[in-house]
Amino acid sequence: MSNVAPLDPAAARGISRRTQSDIYRAGISGTRPRVSVDPVALEHAARRALSAEAFAYIAGGAGAERTMAANRAAFERHQVWPRPLRDVSTRDLATDFLGMRRPTPLLLAPLGVMEMAHKEADLAVARAAASLGVPYTLSNQASFPMEQVRDAAPDGARLFQLYWSASDELNASLLRRAEASGCQAIVITLDTHLLGWRTRDLDLAYLPFTRGLGIAQYTSDPVFQELVRGRVRRGRDAAAPAAPKVRVTPKTVKAGVTIARKGSALTGAGVRESLRSPLPRAAVETFLDVFSTPALTWDDLAKAREWTSLPIILKGIVHPDDAARALDAGADGVWVSNHGGRQIDRSVPTLDALPAVVERVGGRVPVVFDSGVRGGADVAIALALGATVVALGRPYAYGLAIAGEEGVREVVRNTLAELDITLGLAGCTSIAELGRDSLRAV
Ligand code: FNR
């Protein structure tokens with residue numbers, strides 16, 4: 001158990017004082033935070049807690065990881081002006097987002113395959129986020145079906161992130177389920193129409209989806225299930241080309257068992273029976289076939305409007321012209337992201353792109369920001385540059401790896417606490433007061 005009591009969800013006010021007080025009080029009896037408050041130590045601790053494959057997948061980026069470095073370096077170019085003597089004894093982190101007043105300007109970014117970090121994966125993340133009043137963007141590549149995630153934290157605000165698959169029927173079905181399971185918005189991720197050149201994963205020859213991990217939204221979907229059954233039927237009918245020979249090693253056997261276990265959603269049977277069924281393997285193959293759609297264009301996006309009445313946010317916008325295009329396409333929000341440097345090596349860092357996007361959007365829709373946020377001061381800088389809300393990514397996965405639900409809660413709470421302190425030390429009492437004049441460009 002952690003040394004810190006869960007927070008009252010409504011009580012974002014005074015979060016920094018309570019967090020510091022809890023930590024220092026526990027220290028009197030010799031207890032130190034289980035999840036480090038220092039972002040670098042946090043990542044190191046997660047590395048120790050994770051398998052080599054899981055750490056590579058979560059921490060890694062594209063190519064020589066220069067975008068990841070650039071995302072961080074962009075923050076170095078902004079400094080917060082300290083402004084004393086302004087009575088900041090009461091500070092309010094509340095922020096309007098998607099037609100609602102939220103306790104804080106923080107959001108959790110969609111992270112797929114969190115079962116690699118902890119067996120409770122998205123269920124743990126959803127509970128932690130809900131306990132802090134922070135909306136959770138549930139990934140299309142999550143480890144649990146969205147309905148189960150809703151049941152784990154029914155009061156938590158959730159958004160559903162869609163990867164536009166090659167099957168429109170499947171896209172429509174996923175969005176229907178998202179709406180029916182109480183998601184407040186759809187986030188369509190646009191920057192992954194090709195899987196990035198992920199050096200760490202390639203060197204380990206490891207992609208979790210090929211093991212049946214991170215495809216729970218698909219295997220629980222009736223349209224996807226029909227695609228899989230159709231594939232198996234066709235395989236039986238036609239003289240299927242011989243599968244490439246795979247060397248049988250302990251790893252192959254383990255992968256086979258994992259695929260069967262994950263595929264039991266399709267077979268409706270246990271692992272033993274699922275091992276004999278062609279469905280789990282066909283599910284992985286079907287997923288790999290439908291997952292990405294490099295042919296997607298702006299015109300296709302209009303279809304999403306027919307599939308859902310929820311607000312639609314476009315994630316992966318970096319160029320200001322694309323922000324303008326998103327508005328023309330009727331998007332209800334723009335999410336500035338380069339996928340945490342996982343797609344292009346030497347991409348434009350998102351913090352550098354943010355001001356131009358904000359200017360182009362001109363307050364017509366909210367602007368979400370992510371990529372490289374590692375603490376509350378980073379959140380403050382992105383807000384000062386015009387982001388409406390800021391999304392946290394890898395750090396919460398590290399908390400999850402180290403201490404499950406409690407670990408996520410601590411990482412998110414610490415981020416909010418540091419934001420609250422930064423706000424006050426910058427002489428502001430509300431998020432709206434953070435602006436360009438709170439910063440000095442370096
Ligand atoms: C991601 N990201 C992501 N984005 C998305 O739209 N759908 C997804 O399923 C995933 N999955 C995913 C897994 C992992 C392990 C990582 C690290 C990232 C991208 C994510 O939403 C966000 O854009 C980045 O994490 C932001 O970068 P930082 O701040 O984590 O470096």
Side-chain angles (χ1 to χ4, degrees), residues 34-36 38-69 71-72 108-125 139 141-144 192 194-216 244 246-263 271 280-281 284 287-288 291 338-345 371-372 374 392-408 410-411:
R34 185 166 159 206
V35 176
S36 179
D38 168 29
V40 176
L42 176 72
E43 182 174 334
H44 287 165
R47 179 176 214 146
R48 289 192 293 275
L50 290 165
S51 69
E53 287 87 356
F55 184 73
Y57 185 73
I58 296 169
E65 302 187 340
R66 285 168 289 202
T67 302
M68 284 165 59
N71 282 341
R72 291 297 305 143
L108 295 194
L111 300 185
V113 212
M114 282 297 102
E115 65 208 292
M116 294 181 85
H118 191 276
K119 63 179 185 324
E120 286 186 30
D122 321 285
L123 308 181
V125 178
S139 166
Q141 305 313 130
S143 305
F144 287 94
T192 318
L194 300 167
L195 183 65
W197 186 251
R198 311 236 172 116
T199 31
R200 298 195 208 194
D201 298 338
L202 288 162
D203 271 345
L204 290 169
Y206 187 87
L207 183 67
F209 315 116
T210 60
R211 321 287 167 112
L213 304 181
I215 61 170
V246 177
R247 201 158 51 90
V248 178
T249 66
K251 282 207 163 158
T252 333
V253 174
K254 195 173 160 214
V257 172
T258 308
I259 289 170
R261 191 155 42 82
K262 297 291 165 188
V271 180
R281 168 61 61 189
V284 170
F287 165 75
L288 294 173
F291 166 68
N338 60 25
H339 220 96
R342 295 162 74 78
Q343 287 299 94
I344 301 180
D345 195 11
S371 296
R374 293 296 175 267
L392 193 65
R394 289 183 178 93
Y396 84 74
Y398 297 148
L400 179 68
I402 297 162
E405 176 185 339
E406 197 53 42
V408 177
E410 288 193 29
V411 168

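All residue numbers in this chain count up from 1 along the given sequence. Just so we're clear, the structure is a prediction, and the values are computed from it rather than from any experiment.
Atom CG of residue Asn71 and atom CD of residue Glu65 lie 11.5 Å apart, to the nearest 0.5 angstrom. Taking CG of Leu213 as the reference point, atom CZ of Arg261 lies at 8.0 Å (rounded to 0.5 Å). Between Phe144 atom CZ and Leu123 atom CG the span is 4.0 Å, to the nearest 0.5 Å. Annotation: the span from Leu195 atom CG to Asp201 atom CG amounts to 8.0 Å, rounded to 0.5 Å.
Closest approach of Ser139 and Gly112 over heavy atoms only: OG-CA, 3.6 Å. Listed here is the closest heavy atom pair of Gly212 and Ile215: O-CG1, 3.5 Å. Shown here for Val35 and Ala403, the closest heavy-atom pair between the two residues is CG2-CB, 3.9 Å. For the pair Ala56 and Arg200, the tightest heavy-atom approach, listed with the atom from each and the gap, is CB-CB, 3.8 Å. Nearest heavy atoms, Ser371 versus Gly340: OG-N, 3.1 Å. Residues Leu42 and Gly399 share a closest heavy-atom pair of CD1-N, 4.3 Å.
Between Glu43 and Arg394 no salt bridge is recorded (no basic side-chain N to carboxylate O distance below 4.0 Å).
Evaluation of the side chain to side chain donor-acceptor pair (under 3.5 Å) rule for Thr252 yields Thr249 as partners, not counting sequence neighbours. Looking at residues two or more places apart in sequence or on another chain, you find a salt bridge (charged side-chain N to carboxylate O under 4.0 Å, His left out) between Arg66 and Asp345. Scanning for salt bridge (charged side-chain N to carboxylate O under 4.0 Å, His left out) contacts around Arg198 gives an empty result, with sequence neighbours left out. In this view, Arg211 satisfies the side chain to side chain donor-acceptor pair (under 3.5 Å) rule with no residue, not counting sequence neighbours. By the side chain to side chain donor-acceptor pair (under 3.5 Å) test, Ser143 pairs with Glu115, sequence neighbours left out. Scored by the ring pair (Phe, Tyr, Trp, His ring centres under 6.0 Å) test, Tyr206 finds no partners at all (sequence neighbours excluded).
Taking 4.5 Å as the limit, some side-chain heavy atom of Thr192 sits within range of a side-chain heavy atom of Gln343. In this structure, Val411 and Leu392 have side chains that are in contact, with non-hydrogen atoms separated by less than 4.5 Å. Contact of the Lys262 side chain with the Pro280 side chain is not registered, since no non-hydrogen atoms from C-beta on lie closer than 4.5 Å. Taking 4.5 Å as the limit, some side-chain heavy atom of Ile259 sits within range of a side-chain heavy atom of Arg281. Ile344 places none of its side-chain heavy atoms less than 4.5 Å from the side chain of His339. Contact annotation: the side chain of His44 approaches that of Arg48 to within less than 4.5 Å [non-hydrogen atoms, C-beta and beyond].
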CA sep, side-chain torsions, deciding dist, call: Tyr396, Val125, side-chain contact (heavy atoms from CB on, under 4.5 Å): CA-CA 8 Å; Tyr396 84 74; Val125 178; 3.6 Å; yes
Leu111/Leu400 under side-chain contact (heavy atoms from CB on, under 4.5 Å): CA gap, chis, key distance, verdict: CA-CA 11 Å; Leu111 300 185; Leu400 179 68; over 6 Å; no
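Note: Phe209 and Phe291 have parallel aromatic rings, judged against thresholds of 30 and 60 degrees for the angle between ring planes.
For Arg342 (side chain) and Ile58 (main-chain N/O), a donor-acceptor pair under 3.5 Å exists by modelled atom type. In this structure a side-chain-to-backbone donor-acceptor pair under 3.5 Å is missing from Gln141 to Met114.
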